[in-house]
Amino acid sequence: MRAALVREVGAFAEVGDVAEPSGETIEVLAASINPIDLAVSRGILATGHPELPYVPGCEAVGRTADGRLVWISGGSLGRTSQGAIAERAAVEDSHLIDVPDGADPALAAGLGIAGMAGWLPFASRAPLEGGENVLVLGATGSVGLVAVQAAKLLGAARVVAAGRSAAGLERATEHGADATLRLDEVDDLVAAFRDAFGGEGPSYVFDPLWGEPAAAAVQAAVPHATIVNLGQSAGATSELASAAVRFKNLSILGHTNFLVTPDELATQYRRLVGHAVAGDIRFDVERVPLDSVADAWGRQAEGAGTKLVVVP
């Protein structure tokens with residue numbers, strides 16, 4: 001069968017021929033390219049990478065032998081065993097979750113790892129109770145745009161989208177953000193974060209950045225605020241002020257999709273995709289033919305600005 005192939009550490013994926021996988025498999029209809037796939041290919045993920053050469057791809061939507069449309073992700077898929085950017089993919093130890101009726105396969109694939117990262121903090125990790133003032137850091141990419149919409153849909157009073165891309169922030173406004181903030185145009189992030197909420201600061205922070213923005217958000221947050229971190233795009237470390245955490249009684253939580261229980265993952269994935277089918281969540285994907293996977297891989301490495309989904 002034809003598949004994407006990573007032949008050596010650090011190399012772009014390219015199209016090649018491989019043997020079909022054994023055991024339970026799906027016919028792949030759509031497979032996203034995610035940052036985690038690039039991390040595996042570069043050898044920088046803690047779990048390492050499959051034996052070279054290998055098929056990348058940590059998720060896909062496809063058809064089972066009995067005709068069900070399913071999403072597979074998690075387990076060793078694309079991390080330490082063969083991945084899903086191929087004409088067929090092995091299920092093995094990955095989660096296999098039925099896709100809601102009426103969902104486009106490419107959309108359902110894009111809403112997997114990326115969509116769930118934007119959805120789960122608000123819906124499951126630290127559920128919104130209603131009325132929160134939410135600061136969404138890194139709001140200009142696929143994850144952040146889902147986060148903006150999730151916060152509004154699940155009851156936030158005010159959502160401020162923060163990021164560096166003017167075009168991305170314009171999309172965040174179109175997707176429901178009440179206000180936007182250019183991180184690269186602000187000298188005093190603490191003051192800017194407070195001012196964005198009428199001088200009081202946020203009560204909930206969605207943070208895929210860490211680094212300086214997270215430190216500023218801790219200083220700007222109101223007492224009893226919740227901060228959920230799910231990435232480190234702005235730096236692997238952050239100088240958090242102990243006094244701000246202690247005396248404001250802040251809750252700082254970590255999140256990764258890979259530690260969500262199977263039942264919760266299935267429930268929330270189907271909930272998110274259902275909202276997209278109903279039009280409550282907007283999510284743009286760009287369909288890429290398998291023959292163009294090398295170009296798409298390079299675009300992902302440079303920051304594609306939209307969700308790239310390979311359609312074999």
Of the non-hydrogen atoms in [X] and [Y], which two are nearest, and what is the gap between them?
{"X": "Val205", "Y": "Pro202", "result": "CG2-CG, 3.8 Å"}
{"X": "Val99", "Y": "Ala103", "result": "CG1-CB, 3.6 Å"}
{"X": "Leu5", "Y": "Val18", "result": "CD2-CG1, 3.6 Å"}
{"X": "Ser73", "Y": "Cys58", "result": "OG-O, 3.2 Å"}
{"X": "Val159", "Y": "Val136", "result": "CG1-CG2, 4.0 Å"}
{"X": "Val61", "Y": "Ala109", "result": "CG2-N, 3.5 Å"}

Ring-plane angle category for Tyr269 and Trp71, please: parallel below 30°, perpendicular beyond 60°, tilted otherwise. parallel

Kindly indicate, with the supporting measurements, whether the criterion side-chain hydrogen bond (donor to acceptor under 3.5 Å, both in side chains) is fulfilled by Thr261 and Asp263. CA-CA 6 Å; Thr261 65; Asp263 287 347; over 6 Å; no

Tell me whether Arg158 is salt-bridged to Glu200, with the criterion being a basic N under 4.0 Å from an acidic carboxylate O. no

Indicate if Leu137 and Phe197 have the same hydrophobic cluster label, given that clusters are the connected sets of ILVMFWY residues with side-chain heavy-atom separations under 4.5 angstrom. yes

Quickly, which of Leu272, Val146, Leu145 forms a side-chain contact (heavy atoms from CB on, under 4.5 Å) with Phe283? Name it, please. Val146

Has Glu264 got more than 12 heavy atoms of other residues, nucleotides or ligands less than 6.0 Å from its CD? yes

Could you go through Thr47 and Arg79, starting from their C-alpha distance and side-chain angles, then the distance that decides it, and tell me whether this counts as side-chain hydrogen bond (donor to acceptor under 3.5 Å, both in side chains)? CA-CA 7 Å; Thr47 51; Arg79 296 196 290 169; 4.7 Å; no

